[in-house]
Amino acid sequence: MADEAPEPGPPEDEADPWSPARRHLSQAVHLALQREGFAGTLGEVERNLGEPPEGKGDLAFPAFRWAKALRTTPPLLAERLAGAIGSVPGFARVSADGGFLNADLEALPFHLSTLAMIARRGDRYGSWPATGPSVLLEHTSANPTGALHVGRSRNGVLGDTYARVLRARGFPVTTEFYVDDLGRQAATLVWIWSIPPAQWPTEIREALPLVTSPEPPPGAKPDHYYGQAYVPAFAYMRAHPEAESEVNALANRVEQGTGDLRSYRRVPQAILEGILSSLARMNIRFDRFVWESDLVVDGSVQRVLERLARSDKAHRAEDGALGVDGRPFGLPEESPYVYATRADGTHLYPARDVAYHEGKFERAGRVINVLGQDHRLHVQGLFALLDAVGESRRPETLFYGYVNLPEGKMTTRGGRVVLLDHVLDEGRRLALRELETRRPELSDAEREEIAEKIGHSAVRYHLLRVQPDKPIVFRWEEALSFEGKSAPFLQYAHARAASLLRKGEATGGPGTAPRVPSRAEAPSSWDPRETALVRSLSRLPGLVDRVAQDGSVHLLAVYAHDVAERFNEFYQSLRVLDAEGPLRQLRLALVHASRQVLANTLDLLGLEPLERM
RNA sequence: GGGCGAGUGGCUUAGCUUGGAUAGAGCACCGGAUUCCUAAUCCGGCGGCCGCGGGUUCGAAUCCCGCCUCGCCCGCCA
């Protein structure tokens, strides 16, 4: 492939097989329209190119609205355009059909060049060189007060996937986790663990009879171990004013920047590490952590408050609390103000959030947050404050719906939660059980490794496959389904392809990829399943481009299923290794390209491609 | 009450940003495929007033208005 001369054309042509076709066709249509007296832009034409239904060609242009502007009828205009256009590079014919202009690609060159592009680009098929502005993407940012539940992990799955897609699209992305160590939740846990369990109040000791050590015992995850004290400690604090004031005093000291941060952070830090190890099982990692308390220590919260105090948009409550009128930003009449400080001048979360965002804007040109739908109003408050301090930049937000249980909302304090670790463990267990019956020839260690990858991929895919703003009702059978629309379905297709390549001695390593046949060598007529497969493979770059724009990461999950399905149809009905000559070569190239696209797509989704399963 | 989000076959869901030609899947159910490259697969069947009503348009699941249902938020908590 390396010695093949690259086609001349814009860089876009090197990334997306559809790019030259769309460009040539829209240029031709635009030119023809101009001759009819149309004055619009090329982009306008290209945006209107669509995919016609099965059997009506490959790209279609609806003539309706243009016909109106040009005072003729759509079928007539389509006819005239078709006549004027003649031949377009890459297309076999352009013809009128009712009010539509339908264009048929020259199938063979398009299919072969798609395969060649995939072979040439390899892991980079579906990506662009990093040339865009830097992006800072904050996600998950779970309070370090206990183990993560599946609902929270939806944030991580969406955020991590979006980050991967943006990187692929050419944006240098940094991911951040905001560690909310101030506030009463964290302080409650810090407080209880500052006391040796043996000296805990009776109510708490009775609620946690097995907890005797101030440190997690060997084998216990710190997020689970420390976190279990949260509910009883919180309840106790609420019932005992002297405990509550201790917690408040603790929180106030760090809020003022006068506490001993090192010892204060011991428990939150340990819990955070537990949370991160759970997320890492699903391939979620972070580039940077910002501790809320650091924003106090480094003075950035103070600077924000000073700017706000000077602002003519500031609102000062009678008792002295400092805030801003949020009504212009959509805050409700009944509670129009968002406050940055309490009456005593101590700062509140919104102040720290503004300080955090000022830092983000310094670090990147584009700032994105992944937030649960319960934060919609908070963001409006944040905007009001940013406006008041004279900040014109704004973060973008990807909102997502809750993960609920069939019985209702997950509540930590109500004790109705499904923890991520438990789902991951159960996924691994079920996968292992399958592997024991299906693949007895593998070693225990291999089966264990594969089972973990199947299990966590299944969970991740389940959280990814629906539109972010739709709520999900968590059901074990669905989350851990291994058939149909599931990660194992995708992994299975990948494993089948990998197996074929091993047997066809084309492992995909350097120099071993099957050569994409030339136009002269390739069979001229293809099976419909072969063409459907390449077509599917050709769509990845266009999709990455779109998802990077609007964060609709679920479309990539849907796409992965489409590719796997096309591959399975192909695999099921056509022989690869038994085929001969050019046909074998073509099919091996198809398998190779399919494996590549599946691997690239799975990687974008943070799922594990498997060589065998 | 206000604001925001969602309503598509029995269940889950894609398509809605940018209106376009028979609304596409998965699960469940029924029936089929394995002397052959991994049946976690494939093929066929069943099943849809796209929440309801109106409007815009040559054309509406898609845009606009109203209504209904569900969810979330509405603290000097975070």
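Note that the structure is predicted; figures quoted are calculated from it, not measured. Chain identifiers are assigned alphabetically (A, B, ...) following the order of the sequence lines, protein sequences preceding nucleic acid strands; residue numbering begins at 1 within each chain.
- Under 3.5 Å, the side chains of A:E292 and A:Y178 contain a donor-acceptor pair of N or O atoms.
- Contact check, A:S499 against B:U38: a side-chain N or O comes under 4.0 Å of OP1 or OP2.
- Residues A:H357 and A:P395 are in side-chain contact: their nearest non-hydrogen atoms beyond the backbone lie under 4.5 Å apart.
- Put simply, the side chain of A:E483 and the base of B:G26 share no donor and acceptor less than 3.5 Å apart.
- For A:A60, the side-chain atoms get nearest to B:A21 when compared with the rest of B:C72, B:C76, B:A21.
- One finds a side-chain N or O of A:R342 lying less than 4.0 angstrom from the OP1 or OP2 phosphate oxygen of B:A78.
- Rounded to a whole angstrom, the distance from the C1' atom of B:U62 to that of B:A21 is 15 Å.
- A:Y349 has its OH atom 17 Å from the P atom of B:G75, to the nearest Å.
- Using a 3.5 Å distance cut-off with no hydrogens or angles, the side chains of A:H494 and A:R595 do pair a donor with an acceptor.
- Per the geometry, CG belonging to A:L556 stands 17 Å off C1' belonging to B:U13, to the nearest Å.
- Partner assigned to B:A60 is none, using Watson-Crick or G-U wobble distances below 3.5 angstrom.
- When both pairing distances are held under 3.5 Å, B:U18 makes no Watson-Crick or G-U pair with any nucleotide shown.
- Under 3.5 Å, the side chain of A:H378 and the base of B:A78 form at least one donor-acceptor pair of N or O atoms.
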Given side-chain hydrogen bond (donor to acceptor under 3.5 Å, both in side chains), test A:S443 with A:E446 step by step and report yes or no.
CA-CA 5 Å; A:S443 72; A:E446 281 173 302; 3.2 Å; yes
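- Pairing for B:G24 goes to B:U13, judged as Watson-Crick or G-U wobble with the two contacts each under 3.5 Å.
- With hydrogens and angles ignored, a donor-acceptor pair under 3.5 angstrom links the side chain of A:N102 to the base of B:A21.
- Both distances falling under 3.5 Å, in either a Watson-Crick or a G-U wobble arrangement, place B:G1 opposite B:C74.
- Following rounding to the nearest Å, A:L382 (CG) and B:A78 (P) show an atom-to-atom distance of 15 Å.
- The separation between A:L500 atom CG and B:U38 atom C1' is 9 Å, rounded to whole Å.
- B:C42 and B:G32 make up a base pair, with Watson-Crick or G-U wobble contacts both under 3.5 Å.
- Distances shown here put every side-chain N or O of A:R465 at or beyond 4.0 Å from the OP1 or OP2 atom of B:A14.
- The side chain of A:Y571 lies closest to B:C37, out of B:C73, B:G75, B:C37.
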Let's go through A:D97 and A:K56 carefully: what are the C-alpha distance in whole Å and the side-chain angles of both, what is the deciding distance for salt bridge (charged side-chain N to carboxylate O under 4.0 Å, His left out) to 0.1 Å, and is it a yes or a no?
CA-CA 9 Å; A:D97 182 350; A:K56 299 237 179 217; 3.0 Å; yes
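- One P atom belongs to B:C46, the other to B:G26, and the distance between them is 15 Å to the nearest Å.
- Between B:G15 and B:A33, the distance separating the two C1' atoms is 32 Å to the nearest Å.
- One interatomic measurement links the two molecules: CZ of A:R152 to P of B:A78, which rounds to 15 Å at whole-angstrom precision.
- Checked against B:C4, B:U41, B:C16, the side chain of A:R376 finds its nearest nucleotide in B:C4.
- Among the nucleotides B:U38, B:G71, B:U22, the one closest to the side chain of A:R612 is B:U38.
- Looking at A:K485, its side chain comes within 3.5 Å of the base of B:A25 through a donor and an acceptor atom.
- Rounded to an integer number of Å, the gap from NE2 of A:H462 to P of B:G26 is 16 Å.
- Judged by distance alone with a 3.5 Å cut-off, no donor-acceptor contact links the side chain of A:E478 to the base of B:U12.
- When the nucleotides B:A39, B:A78, B:C76 are ranked by their closest atom to the side chain of A:E255, B:A78 comes out on top.
- In this entry B:C67 has B:G51 as its Watson-Crick or G-U wobble partner, both defining distances falling under 3.5 Å.
- Looking at the side chain of A:N143, the nearest of the listed nucleotides B:G20, B:A78, B:C76 is B:A78.
- Counting heavy atoms from C-beta on, the side chains of A:Y571 and A:V576 never come closer than 4.5 Å.
- OP1 and OP2 of B:U12 both lie 4.0 Å or more from every side-chain N or O belonging to A:K470.
- Rounded to a whole Å, the CG atom of A:L490 is 17 Å from the P atom of B:A25.
- Checking A:E483 against A:S486 by side-chain atom types alone, no donor-acceptor pair falls below 3.5 Å.
- Applying the 4.0 Å criterion to OP1 and OP2 of B:G15, one finds that A:Q467 has a side-chain N or O inside that range.
- Proximity of A:K503 to the phosphate of B:C36: no side-chain N or O atom is located under 4.0 Å from OP1 or OP2.
- Listed pair A:H561 / B:U13 fails the phosphate criterion, with no side-chain N or O lying under 4.0 Å from OP1 or OP2.
- For A:F100 and B:A21, the ring-to-base geometry satisfies the stacking test (centroid distance below 5.5 Å, interplanar angle below 30°).
- In this structure, the CZ atom of A:F234 is 13 Å from the P atom of B:C77, given to the nearest Å.
- Checked against B:C73, B:C74, B:A14, the side chain of A:L555 finds its nearest nucleotide in B:A14.
- Using modelled atom types, one finds a donor on one side chain and an acceptor on the other under 3.5 Å when comparing A:N155 with A:Y400.
- Taking 4.0 angstrom as the limit, A:R65 places none of its side-chain polar atoms (N or O) nearer than this to OP1 or OP2 of B:G59.
- Using a 4.0 Å cut-off, no side-chain N or O of A:K56 falls inside it from OP1 or OP2 of B:U22.
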